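Below you'll find the structure, written out as structure tokens, and then a few comments.
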Amino acid sequence: MNILNKIGRILLTVAKYLSLVFFAFAAVLPVVSCFITAFKTDTEYQTTNVMTMPQSWLYFDNFVQAFKKAGMARAFMNSTIILVCVLFFSVMIGTQLAYVLNRFKFFGNTVIRALFLFASQLPGVAMQIAVYEIMYNLGLINSLAGYIIMMCGTDIIAIYIYIQFFENIDYSLDESAIIDGANYFTIFYKVLFPLLKPAIVTSCILKGVGTYNEYYCASLYLQDKKKYATVATSLYTFVGPLGSKYNLICAGVIISLLPALIVFILCQKQIYSGLTAGAVKG
């Protein structure tokens, strides 16, 4: 019986590792394929398999064409402006709202939380008609500022992350600050806000990745692609009715990944510390 149990545990362990290897391979394969395709000429791409190595790894013409034809310089500038503004206002609005909902008990507090929870269950696509009508009536269509305002909309997941962190911060800090003569704004900005760093890092990663890769709303609301193109929408330049130039698209994808990769390499210590601190309760 013990032998059967040992064999069962061994088989279970092997199955776990095999499943991890399989899913890791499935996640890495598209990236490897994209990287290989980015260095192929048009003829190579049309006549070879996607996993066939290019004749030369020094063929950078795809990257040059992708950067110039897709207008990626302007796209990077627009995406950077959008990302910085959205993260800044989302953090400030979200943390203050979570502070009010957690620290102050007032009539309607529970109702507001319930409405946030209800709103998180609604599919975003189903609300686009109402959102588009509001944006149109306010004259915010085809406007970078309008798109930023829309993307700064209440991030419900981030708010719950902030609320969770506020619940783990002892009320004695607030009471001590009040005794020292601090008002609520001072308590928030000088005492509590610095303690939210792990939660802010976590929410910024989630919000930042979603904003940087966002395509649907950017394509819908920023209709002047030459002036208001983002990194995600600029790649659509190489897609047309006569076919898609996937070697240029893959080159553009690699270029678009570089800023995120550089930020991750430079800030990985802060990112890991924020995420691990965010995973520890108490």
Side-chain angles (χ1 to χ4, degrees), residues 20-40 45 50-51 53-54 56-88 90-91 147-148 151 155 157-158 161 197-219 222 228-239 244-279:
L20 290 174
V21 170
F22 172 77
F23 286 113
F25 179 77
V28 171
L29 183 62
V31 180
V32 174
S33 174
C34 181
F35 185 78
I36 293 173
T37 304
F39 288 90
K40 290 184 177 181
Y45 173 73
V50 292
M51 296 304 295
M53 298 299 168
S56 173
W57 289 101
L58 299 177
Y59 183 75
F60 296 105
D61 190 56
N62 289 337
F63 295 91
V64 175
Q65 289 190 55
F67 191 85
K68 289 182 178 180
K69 292 184 178 180
M72 298 197 75
R74 180 179 290 274
F76 274 121
M77 183 180 67
N78 290 337
S79 292
T80 302
I81 294 173
I82 292 170
L83 186 62
V84 171
C85 292
V86 168
L87 290 183
F88 175 78
S90 295
V91 168
Y147 179 73
I148 292 173
M151 292 299 294
D155 193 339
I157 296 177
I161 292 175
K197 180 182 176 182
I200 292 173
V201 171
T202 303
S203 64
C204 282
I205 292 173
L206 297 175
K207 186 74 172 180
V209 171
T211 302
Y212 185 75
N213 295 326
E214 206 283 321
Y215 172 79
Y216 177 77
C217 290
S219 179
L222 300 177
Y228 298 119
T230 63
V231 172
T233 59
S234 64
L235 298 177
Y236 197 74
T237 304
F238 307 109
V239 179
S244 302
K245 295 185 177 181
Y246 285 104
N247 52 336
L248 297 182
I249 293 175
C250 290
V253 170
I254 298 299
I255 293 174
S256 67
L257 287 175
L258 290 178
L261 182 62
I262 293 172
V263 171
F264 175 77
I265 293 174
L266 295 177
C267 306
Q268 58 180 322
K269 183 178 180 180
Q270 290 79 3
I271 292 174
Y272 284 136
S273 62
L275 288 175
T276 52

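Source: prediction; values computed, not measured.
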> Roughly how far apart are I200 CD1 and S90 OG, rounded to 0.5 Å?
Replying inline: 12.0 Å
> If every non-hydrogen atom of K40 is compared with every non-hydrogen atom of Y59, which pair is closest and at what distance?
Replying inline: O-CE2, 3.9 Å
>> Counting C-beta onward and ignoring hydrogens, is there a side-chain heavy-atom pair between I82 and V86 closer than 4.5 Å?
In response: yes
>> If you compare all heavy atoms of I254 against all heavy atoms of C34, which two are closest, and at what distance to 0.1 Å?
In response: CD1-SG, 4.3 Å
> Any side-chain heavy-atom pair from I161 and L206 closer than 4.5 angstrom?
Replying inline: yes
> Do other residues, nucleotides or ligands put more than 12 heavy atoms under 6.0 Å from I148 CD1?
Replying inline: yes
> How would you list all residue pairs meeting side chain to side chain donor-acceptor pair (under 3.5 Å) that involve residues 62-75, not counting sequence neighbours?
Replying inline: D61-Q65, Q65-K69
> Is there a donor-acceptor contact under 3.5 Å from the side chain of S256 to the main chain of V253?
Replying inline: yes
>> Would you compute the distance between atom CG of L258 and atom CD1 of I265 and round it to the nearest 0.5 angstrom?
In response: 9.5 Å
> Between N78 and A229, is there a donor-acceptor pair closer than 3.5 Å when you use the side chain of the first and the backbone of the second?
Replying inline: yes
>> Between T211 and G208 (side chain of the first, backbone of the second, donor and acceptor by atom type, cut-off under 3.5 Å), is there such a pair?
In response: no
>> Distance check, rounded to the nearest 0.5 Å: N213 atom CG versus L257 atom CG?
In response: 8.0 Å
> With P259, which residues qualify under side chain to side chain contact (heavy atoms under 4.5 Å, CB included), at least two apart?
Replying inline: F76, Y212
>> Main chain of M72, side chain of S234: is a donor-acceptor contact present, judged purely on distance under 3.5 Å?
In response: no
>> For E214 and T230: C-alpha separation, side-chain torsions, deciding distance, then whether side chain to side chain contact (heavy atoms under 4.5 Å, CB included) applies.
In response: CA-CA 9 Å; E214 206 283 321; T230 63; over 6 Å; no
>> Can you give me the closest heavy-atom contact between S203 and A158, atom names plus distance?
In response: CB-CB, 3.8 Å
> Are the side chain of S219 and the backbone N or O of Y215 linked by a donor-acceptor pair below 3.5 Å?
Replying inline: no
>> Using every non-hydrogen atom in the two residues, find where P30 and A27 come nearest and quote the distance to one decimal.
In response: CD-O, 3.5 Å
> Under a 4.5 Å cut-off applied to non-hydrogen side-chain atoms, are Y147 and Y228 in contact?
Replying inline: no
>> Students often mix this up, so state it plainly: with edges at 30° and 60°, are the rings of F39 and F60 parallel, tilted or perpendicular?
In response: perpendicular
> Can you find a heavy atom in the side chain of I81 that is under 4.5 Å from one in the side chain of C85?
Replying inline: yes
>> For a quick test of reading the model, state the closest non-hydrogen atom pair linking K207 to M151 and the distance between them.
In response: NZ-O, 3.0 Å
> Is there a side-chain contact between L222 and T233, using heavy atoms and a 4.5 Å cut-off?
Replying inline: no
